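Structure record follows, encoded as structure tokens.
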2 protein chains.
Amino acid sequence: MKQIWHVLDSVHPELVAEVRKRHDVLRYIHLLQPVGRRNLTTHLQLTERTIRTEMESLQELGLISSNNRGMSLTRKGFHILQQLDAYLRDSSDLGSLAAELEERLAIEEVIVVAGDSEQDPLVKKEMGRQAALKLVSLFEHASVVSLTGGTSVASVAELMPSLQEFPDLLFLPARGGLGQKMETQANTLVSMMAEKAGGRYRLLHLPDHLSEASYQSLKKEPQIKEYLNLIAESDIIVHGIGDALNMAEKRQMDDSILQLLQQEKAVGEAFGYYFNQQGDVVYKMPNIGIQLDQVRNASYVLAVAGGASKAKAIAAVAKQQLQQVLVTDQAAAERLLGETRR
Amino acid sequence: MKQIWHVLDSVHPELVAEVRKRHDVLRYIHLLQPVGRRNLTTHLQLTERTIRTEMESLQELGLISSNNRGMSLTRKGFHILQQLDAYLRDSSDLGSLAAELEERLAIEEVIVVAGDSEQDPLVKKEMGRQAALKLVSLFEHASVVSLTGGTSVASVAELMPSLQEFPDLLFLPARGGLGQKMETQANTLVSMMAEKAGGRYRLLHLPDHLSEASYQSLKKEPQIKEYLNLIAESDIIVHGIGDALNMAEKRQMDDSILQLLQQEKAVGEAFGYYFNQQGDVVYKMPNIGIQLDQVRNASYVLAVAGGASKAKAIAAVAKQQLQQVLVTDQAAAERLLGETRR
DNA sequence: ATTATCGGGACACAAAACGTCCCGAACAAG
DNA sequence: CTTGTTCGGGACGTTTTGTGTCCCGATAAT
């Protein structure tokens, strides 16, 4: 696939550059939609006028539409962008980065986005966009989709196109956590994504700070049990990956647990499980939700995480061999390869 | 592969049109090289000026060179054209025509060229060009190449680029025929092709009209035997396919044999063998040369034949399952599919 | 009501592409 | 040798396309 770009570049370099430019325009329109010309100029390094001519062409091709609020992708534009993404990815250096990661982490498909999501918020958006594009392509073969919280998954939900074509899809929070920020956020993301997909969803709100006793009895509630049954049948799971200590702090965990995590050298977190560098589970949060073995049963597990500081966490979680797809950024990818190369 | 062209066409139709145009220019430069601007305008439907701008771009890209005699492809240009050909073929209707033929005739690779080689001499050239492009890509894994005569194979030799990179390649006439036009022509083609490839060659000139007795004793000559041993080791065989009765007439065969061919309903000819519609051998010319079983041993057998009138002949010869590659034209392909569909 | 932002219209200007004609060099035919 | 043809390339005015810049009414948020 890389070959064809080389040939096209050899026979007509200007036009390949044109396609790249047009792809960038489409990309940013999707990232920022609805967006206006002047707003785009600040992100792309193009003048207003050139963006305008691009816009007019794209409009004529039926890839974007524009109203008073700005420009947006049409359904066709979304579909084309999706494919163009895949083709252009192979032609860039990020393609080989991704291929190397696929081998190193033993993950089927790795998508690497340019930049550092910790520096540039647009990079996190781009990760979300790529994950969203991948996600919707999996929708038609699935019936249950479950999500975790986190800013990365949030960007996936944000960048999801409003297709409203999947009335039979059921969206669930992967864990009905114990009233903590991340878990309540998951509920928000579930409803947002379900609405965009046109599917159904079910939430699980639980009160804060339950005692161990009521936590145990809660598990036996018929309503909760039904939810747990549903979640076990997830076809697709979208989740973030956290740096262990950061996550523990955010969750305001007890000092005793913090000490345990430090002692066990926990580096990564996902689904409330904490992993050390070898990928072993060293701690599991007490929560209502999907179990690690159930994650393994899903046909597609999509992880979204970026930033150099998360490299170790990603490597640790990847050792569990849960994911089919990983969307990350250049910063994390390079750090990760730099470390595992030793 | 067809998919990527659809995407590119959706996102930038001008680009695809431009690439097609540039490809056409390269193609015709190769067909007619060395050729001038004004000469090209008569074949392409472009004005002199546009050809000139194309020419300047291509020159800057190092794909063509020009001197006082006209423009020619550079080595790089040849290489790029070769790949561009393959990519663009898939995007056209001819691609699906070819795919259908591959299935129908059970041939690995079928290349269909637009037009009718019986109407437009350039179409025969284009067949030769395509065959030559394919051929040189096989050279590096081969050591012995043998050819038959015929206008189709002649066009292959004509359109062969002068690479002169294969000093170890040995070219042979597939049959050292009995002094007939087609067979002496094969000698010419062998030397021409060997010279362009920079390889060695060996010819086999035999006198006219030998008696059966001397023909048999000739076979035992050490020189002939050596030649027959060499030819049996052919890795690549390039041959044409003839309409049985036409061939018989051209060869001025005896009436008795003509009657035999008519009686047995011979329709196709290759290597001096005559085949009926079922693909059975109904007659074999008495000649010194490659045997059908030896053809089967070659790693690549490349047939070149076009024109609607040859459809039946191609179908008949294909039944022998000798060829890995068939280069033909649109006219033959459509007639052929029309007939076998019944 | 005010402010900001949207797409789109307008227009001058720069750059690229095109049509057209000419020129000397190289080569083939006579 | 001369003559005629064809080659690439230079030259130049015209057309087309793309770009920079400013303005406008509509619309939504404040």
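Computed from a predicted model, the values in this text were never measured in an experiment. Note on naming: letters A, B, ... go to the chains in the order of the sequence lines (proteins, then strands), and numbering restarts at 1 for each one.
- The distance from atom CG of A:L40 to atom P of C:dG8 is 14 Å, rounded to the nearest whole Å.
- Rounded to whole angstrom, the span from the CG atom of A:L32 across to the C1' atom of C:dC6 amounts to 15 Å.
- Ring to ring, A:F166 and A:Y201 are not that close: their centroids are 6.0 angstrom or more apart.
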Pairs under 3.5 angstrom only: tabulate donor-acceptor contacts from the side chains of residues 118-125 of chain A to other protein residues two or more places apart or in another chain.
residue: A:E118; atom: OE2; partner: A:S309; partner atom: OG; Å: 2.5
residue: A:D120; atom: OD1; partner: A:L122; partner atom: N; Å: 2.9
residue: A:K124; atom: NZ; partner: A:T151; partner atom: OG1; Å: 2.8
residue: A:K125; atom: NZ; partner: A:L31; partner atom: O; Å: 3.2
residue: A:K125; atom: NZ; partner: A:E158; partner atom: OE2; Å: 3.2

Taking N or O atoms only and anything under 3.5 Å, show me the protein contacts with nucleotides 18-23 of chain C, one pair per line.
residue: C:dC18; atom: OP2; partner: B:T53; partner atom: OG1; Å: 3.2
residue: C:dG19; atom: OP2; partner: B:T47; partner atom: OG1; Å: 2.3
residue: C:dG19; atom: O6; partner: B:R49; partner atom: NE; Å: 3.1

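- Taking atom CG of A:N68 as the reference point, atom P of C:dG8 lies 9 Å away to the nearest angstrom.
- A salt bridge is absent between A:E48 and A:R52; no separation between the charged side-chain nitrogens and carboxylate oxygens falls under 4.0 Å.
- Residues A:S91 and A:R20 meet the side-chain proximity criterion, which asks for heavy atoms closer than 4.5 Å.
- A donor-acceptor pair under 3.5 Å links the side-chain atoms of A:D329 to the main chain of A:G307, judged by distance alone.
- Minimum interatomic distance between A:T74 and A:I64 (heavy atoms only, all atoms of both residues): CG2-C, 3.6 Å.
- Backbone-only engagement by B:Q59 is indicated by non-hydrogen atom pairs under 4.0 Å involving sugar-phosphate atoms exclusively.
- Atom-to-atom, CD of B:E54 to C1' of C:dA17 comes out at 11 Å; the value is rounded to the nearest Å.
- An OP1 or OP2 oxygen of D:dC7 is reached within less than 4.0 angstrom by no side-chain nitrogen or oxygen of B:S66.
- Listed pair B:N39 / D:dC7 meets the phosphate criterion, a side-chain N or O lying under 4.0 Å from OP1 or OP2.
- Look at CZ on A:R69: it is 15 Å from P on C:dG8, rounded to the nearest Å.
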